[in-house]
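Just so you know, these numbers come straight off a predicted model, no measurement behind them.
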Number of protein chains: 2
Amino acid sequence: MPKVVDHDERRREIAAATWRAIDELGVDGTTMRAIAERAGCTIGRLNHYFDSREDMLVAALRYAHVRAGARMLTAIEGRSSSDALRAVLLEALPLDDERYTEWKVWLTFWAQALNTESLRNEHRQRYLEWHLLVSTLVADAAPSLSKVAVQQAADSLLATVDGLGIHVLMSPAAGAKRQAIRTIDTALATVLG
Amino acid sequence: MPKVVDHDERRREIAAATWRAIDELGVDGTTMRAIAERAGCTIGRLNHYFDSREDMLVAALRYAHVRAGARMLTAIEGRSSSDALRAVLLEALPLDDERYTEWKVWLTFWAQALNTESLRNEHRQRYLEWHLLVSTLVADAAPSLSKVAVQQAADSLLATVDGLGIHVLMSPAAGAKRQAIRTIDTALATVLG
DNA sequence: TCTGTTACGCAACATCTGATACGTAACGTG
DNA sequence: CACGTTACGTATCAGATGTTGCGTAACAGA
């Protein structure tokens with residue numbers, strides 16, 4: 001067994017570079033050359049660790065997913081359920097550079113998913129987890145709600161977050177961000193009473 | 001002045017063909033060849049009426065915009081303001097094939113707009129009109145609301161519609177559609193009391 | 001009918017793309 | 001110290017793409 005390298009680590013590096021390329025250039029501009037440039041290697045290495053460009057795109061999506069998931073857990077830690085719910089929803093919005101970039105990646109993949117079944121599955125997977133997290137928090141924060149009402153509230157909150165995210169993405173002014181926070185708060189007030 | 005043809009009509013035809021190509025193939029797959037095929041002409045004609053491919057994409061976006069605008073006006077006609085509000089919001093969702101396709105085009109352009117200033121402006125324009133329409137209807141339907149509350153309600157409704165649209169787009173099952181309608185109705189109940 | 005202009009099909013081109021094939025250097029193992 | 005395997009840089013290729021330029025046919029106006 002010669003020349004041993006951390007396979008997973010390399011793949012993660014490449015996924016991160018792909019992620020950066022998508023952020024800077026859009027998915028169209030994310031060519032093998034662009035990724036290699038950002039990963040600080042040659043195309044040879046990319047092809048060594050991934051079978052195709054599409055596999056690298058999926059890896060970038062998963063990478064963004066893992067990042068976001070970790071942030072959500074941090075946001076929940078040590079908060080009451082209603083505080084945690086608000087924190088999680090706000091954490092999901094593109095309010096700073098990191099999350100703005102993350103949203104660019106999401107949006108890019110949504111569009112790409114329209115014509116790629118594997119990406120659509122990837123998205124549905126993420127959405128289920130995300131829905132489960134929010135509905136759990138809603139149930140904790142408003143124990144008097146029926147199961148159906150909890151689901152309904154979660155659906156409504158998730159839709160609001162996604163819509164606001166897109167809006168901020170297209171008009172990333174400070175005003176739009178403040179407005180988004182206000183909208184989340186009124187939505188929460190409606191749900192939690 | 002020889003061989004006179006309706007310039008605008010030709011451009012509209014090409015825009016419609018571009019629209020169809022985006023629907024079927026995604027924006028990446030929308031090549032000059034693909035558009036020409038759908039328009040029933042050769043690439044020569046495309047280049048005769050548009051300076052570049054990007055111009056044709058913008059034209060397709062405007063075409064979709066015009067279509068949607070016309071549908072909205074039809075939906076309002078002869079309804080009370082609160083009925084009209086509901087009709088307009090539902091009309092904005094991807095609940096049938098035509099509107100599903102339209103949403104594919106929107107989503108595609110949102111993603112594209114992330115790296116194209118001209119498309120972002122195009123979107124903001126559309127969003128302003130759309131926001132104005134909804135907030136006007138809200139003001140009519142709930143005259144007791146303050147100006148600020150009307151704006152807030154409109155923001156919330158628009159975000160909900162956009163979020164639901166994306167969700168239906170990714171999971172176009174009948175269940176998701178019914179769920180979306182229910183979410184719109186609860187949002188309306190909240191706003192209009 | 002003649003003429004100048006417009007419409008647009010056709011073919012060619014330079015560019016860029018993802019993928020492959022090959023060569024070499026690094027290194028764990030015997 | 002070989003030896004065999006892995007890592008990956010380099011060169012190359014076939015295919016696709018947007019754009020350009022040329023040639024021709026159609027037609028309004030004189």
* May I have the distance from B:D8 (atom CG) to C:dA7 (atom P), rounded to whole angstrom? => 12 Å
* Structure fact -> Testing C:dA7, D:dG9, D:dA7 for proximity to the side chain of A:Y49, the answer is D:dA7
* Asked: Less than 4.0 Å between a side-chain N and a carboxylate O, is that true for B:E129 and B:R126?
  -> no
* Quickly work out the A:H48 NE2 to D:dT6 P distance and round it to whole Å. => 9 Å
Quick test: give all pairs of protein nitrogen or oxygen and nucleotides 17-21 of chain C nitrogen or oxygen below 3.5 Å, distance rounded to 0.1 Å.
{"unit_1": "C:dG18", "atom_1": "OP1", "unit_2": "A:R53", "atom_2": "NE", "d": "2.9"}
{"unit_1": "C:dG18", "atom_1": "OP2", "unit_2": "A:M32", "atom_2": "N", "d": "2.9"}
{"unit_1": "C:dG18", "atom_1": "N7", "unit_2": "A:R33", "atom_2": "NH1", "d": "2.7"}
{"unit_1": "C:dG18", "atom_1": "O6", "unit_2": "A:R33", "atom_2": "NH2", "d": "3.2"}
{"unit_1": "C:dA19", "atom_1": "OP2", "unit_2": "A:R53", "atom_2": "N", "d": "3.1"}

* Would you kindly check if the NZ (Lys) or CZ (Arg) of A:R12 is within the cone defined by 45 degrees around the ring axis of A:Y63 and under 6.0 Å from the six-membered ring centre? => no
* Asked: Do the side chains of B:H65 and B:E122 get nearer than 4.5 Å, heavy atoms only?
  -> no
* For the residue pair B:Y127 and A:H167, categorise the inter-ring angle as parallel (less than 30°), tilted (30 to 60°) or perpendicular (more than 60°). => parallel
* Asked: Among the nucleotides D:dA7, D:dC8, C:dG9, which one has an atom lying closest to any side-chain atom of B:R45?
  -> C:dG9
* N or O in side chain of B:R10 less than 4.0 angstrom from C:dA7 OP1/OP2 -> no
* Asked: For the pair made of NE2 in A:H7 and C1' in D:dA7, what is the distance, rounded to whole Å?
  -> 10 Å
* Protein-nucleotide distance (B:I35, atom CD1; D:dT17, atom C1'), rounded to Å -> 12 Å
* To do: Rounded to the nearest angstrom, tell me the gap between atom CG in B:L46 and atom P in C:dC10.
  => 13 Å
Between side-chain atoms of residues 85-98 of chain B and protein atoms elsewhere (two or more places apart, or another chain), which donor-acceptor pairs fall under 3.5 Å?
{"unit_1": "B:R86", "atom_1": "NE", "unit_2": "B:D185", "atom_2": "OD1", "d": "2.7"}
{"unit_1": "B:R86", "atom_1": "NH2", "unit_2": "B:D185", "atom_2": "OD2", "d": "3.1"}
{"unit_1": "B:E91", "atom_1": "OE2", "unit_2": "B:R71", "atom_2": "NE", "d": "2.7"}
{"unit_1": "B:D96", "atom_1": "OD1", "unit_2": "B:E98", "atom_2": "N", "d": "3.3"}
{"unit_1": "B:D96", "atom_1": "OD1", "unit_2": "B:R99", "atom_2": "N", "d": "2.9"}
{"unit_1": "B:D96", "atom_1": "OD1", "unit_2": "B:R99", "atom_2": "NE", "d": "3.2"}
{"unit_1": "B:D96", "atom_1": "OD2", "unit_2": "B:R99", "atom_2": "NE", "d": "3.2"}
{"unit_1": "B:D96", "atom_1": "OD2", "unit_2": "B:R99", "atom_2": "NH2", "d": "3.1"}
{"unit_1": "B:E98", "atom_1": "OE2", "unit_2": "B:R67", "atom_2": "NH2", "d": "2.9"}

* Is it true that a side-chain atom of B:R11 and a backbone atom of B:Y49 form a donor plus acceptor pair closer than 3.5 Å? -> yes
